There are 2 protein chains.
Amino acid sequence: MQATAFSPHDHSHCISSAIDHAQNLCTERGVRLTPVRQRVLELVWRSHQPIGAYELLAALAKEGFNSAPPTVYRALEFLGEQGLLHKLDSLNAYVGCCNPDTPHQGHFLLCEACNKAQELESQYINLALKLSADQHGFEIQRHTIEIIGTCKECLEKPNLLEPTL
Amino acid sequence: MQATAFSPHDHSHCISSAIDHAQNLCTERGVRLTPVRQRVLELVWRSHQPIGAYELLAALAKEGFNSAPPTVYRALEFLGEQGLLHKLDSLNAYVGCCNPDTPHQGHFLLCEACNKAQELESQYINLALKLSADQHGFEIQRHTIEIIGTCKECLEKPNLLEPTL
DNA sequence: GATGTTATGTTATATTATAACAACTGTCAA
DNA sequence: TTGACAGTTGTTATAATATAACATAACATC
């Protein structure tokens, strides 16, 4: 199986690749990846664990950035519009998008043991959503698809899930 | 097609049926559907439009119920535990469950034109979620599945969607 | 009617997000 | 080179959603 957020990997590569990608994409689109926007994106990518707006705010504050809520919410709004991150509604938290070139909402696996999020783009799910909507004559604009549970790596550490008494 | 939240129907029947069902179910389970809990459930069922906690609170206040946030959040917690309602994470709002006998999270169609929610129990979606999770060795505990768009009835009123200039 | 459990009341506060307006920055044409 | 505009950021305040903590009341049952 391919690498996922859950499996061990060189995460610094994820970060640098995401930032490079974002820079190129913003240049192409003629929009500005300003310092605060880039820094927010880097912070979001600091791990595969979705991060909350106020946690971002605290991190920015430590680094001398302006630290009022609108600062971070504006950056999140911009990054969201550019498809560079997703909001996870069930967590009120934000996670980087690996595939920002084409607009999409994505489907997410959220592990409650390690708190990491893995984005999927499942054609099974897309088809199932389409079929269900069609059955009701419903036209889909967007969706929130979050699958919550335990990832493979955490399942393989049973001692953490079922501590000995 | 069967009746849905979106199509015209005798809604008073939805309400009374939901309350009857809830009363029976609570009796069977030996839990108490106290006045405030029942009233919250009735308010949630007042329409098929999901309702927010503070809107419930305001309605309770008008009727002389205690009106501090914990009152309504406790009722919502109880009703959620009993499977009598669902929270919609993308809206921070609550909607009654038609099928509270068996525990489930459900899938929702949310119409942005009429703001109504229709719960689905699509085996297509369940299967697609399972397949996607299995591919990653992921064990599902629960999920948030919200399909946002425009319902059949609202699509059939094109003047509302594309106002004449 | 004493006791334990469940439910509610009450006050305060935490968490998440936006409104509104002022000030600054970059761009580009006149 | 400046002035006009669009876009971005700063700042203050507040809205909207949700929970913590502790006191009191109601109910069950022995």
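Nothing here was measured: the structure is a model prediction, and the numbers come from that model. Residue numbers start from 1 in every chain, and the chains themselves are labelled A, B, ... in the order their sequence lines are given, proteins ahead of strands.
In this structure, the CG atom of A/Leu56 is 15 Å from the P atom of C/dT15, given to the nearest Å. Rounded to an integer number of Å, the gap from B/Phe65 CZ to C/dG9 P is 9 Å. Nucleotide D/dT17 holds its P atom 14 Å from the CG atom of A/Asp89, rounded to whole Å. When the P atom of C/dT15 is taken as reference, atom CG of A/Leu76 falls 18 Å away, rounded to whole Å. Taking atom CZ on A/Arg39 and atom P on D/dT9, their separation rounds to 16 Å, with Å as the unit. For A/Gln82 and D/dG7, the CD to C1' distance is 13 Å, given to the nearest whole Å. Taking atom CD1 of B/Ile51 as the reference point, atom C1' of D/dT17 lies 14 Å away to the nearest angstrom. Rounded to whole angstrom, the span from the CD atom of B/Gln38 across to the C1' atom of C/dT8 amounts to 17 Å.
The residue among A/Ala68 and B/Leu91 whose nearest nucleotide of DNA chain D is located toward the 5' end is A/Ala68. Closest-nucleotide positions on DNA chain C for A/Arg74 and A/Ala93 were compared, and the one nearer the 5' end corresponds to A/Ala93. With the nearest nucleotide of DNA chain C identified for both B/Tyr54 and B/Arg37, B/Arg37 has the one nearer the 5' end.
OP1 or OP2 of C/dG9 lies within a sub-4.0 Å distance of a side-chain N or O belonging to B/Asn66. For B/Lys87, no side-chain nitrogen or oxygen approaches OP1 or OP2 of D/dT17 to under 4.0 Å. A sub-4.0 Å separation between OP1 or OP2 of D/dG10 and a side-chain N or O of A/Tyr73 is absent. The side chain of A/Asn92 contributes an N or O atom lying less than 4.0 Å from OP1 or OP2 of C/dA17.
Checking B/His48 against B/Asn115 by side-chain atom types alone, no donor-acceptor pair falls below 3.5 Å. A/His86 and A/His104 share a donor-acceptor pair across their side chains, judged by distance under 3.5 Å alone. A side-chain donor from one of B/Ser90 and B/Glu146 sits under 3.5 Å from a side-chain acceptor of the other.
A salt bridge is defined here as a Lys NZ or Arg NE, NH1 or NH2 lying under 4.0 Å from an Asp or Glu carboxylate O, and B/Glu77 with B/Arg74 fails to meet this definition. Using a cutoff of 4.0 Å between basic side-chain nitrogens and carboxylate oxygens, A/Glu156 and A/Lys152 are scored as salt-bridged. Comment: A/Arg142 engages B/Glu112 in a salt bridge, judged by a side-chain N to carboxylate O separation of less than 4.0 angstrom.
Between B/His11 and B/His9, the distance from one ring center to the other falls under 6.0 angstrom.
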Show me the protein contacts with nucleotides 24-30 of chain D, counting only N or O atoms at under 3.5 Å.
none

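Looking at heavy-atom distances under 4.0 Å, B/Tyr94 makes contact with sugar-phosphate atoms alone, never a base.
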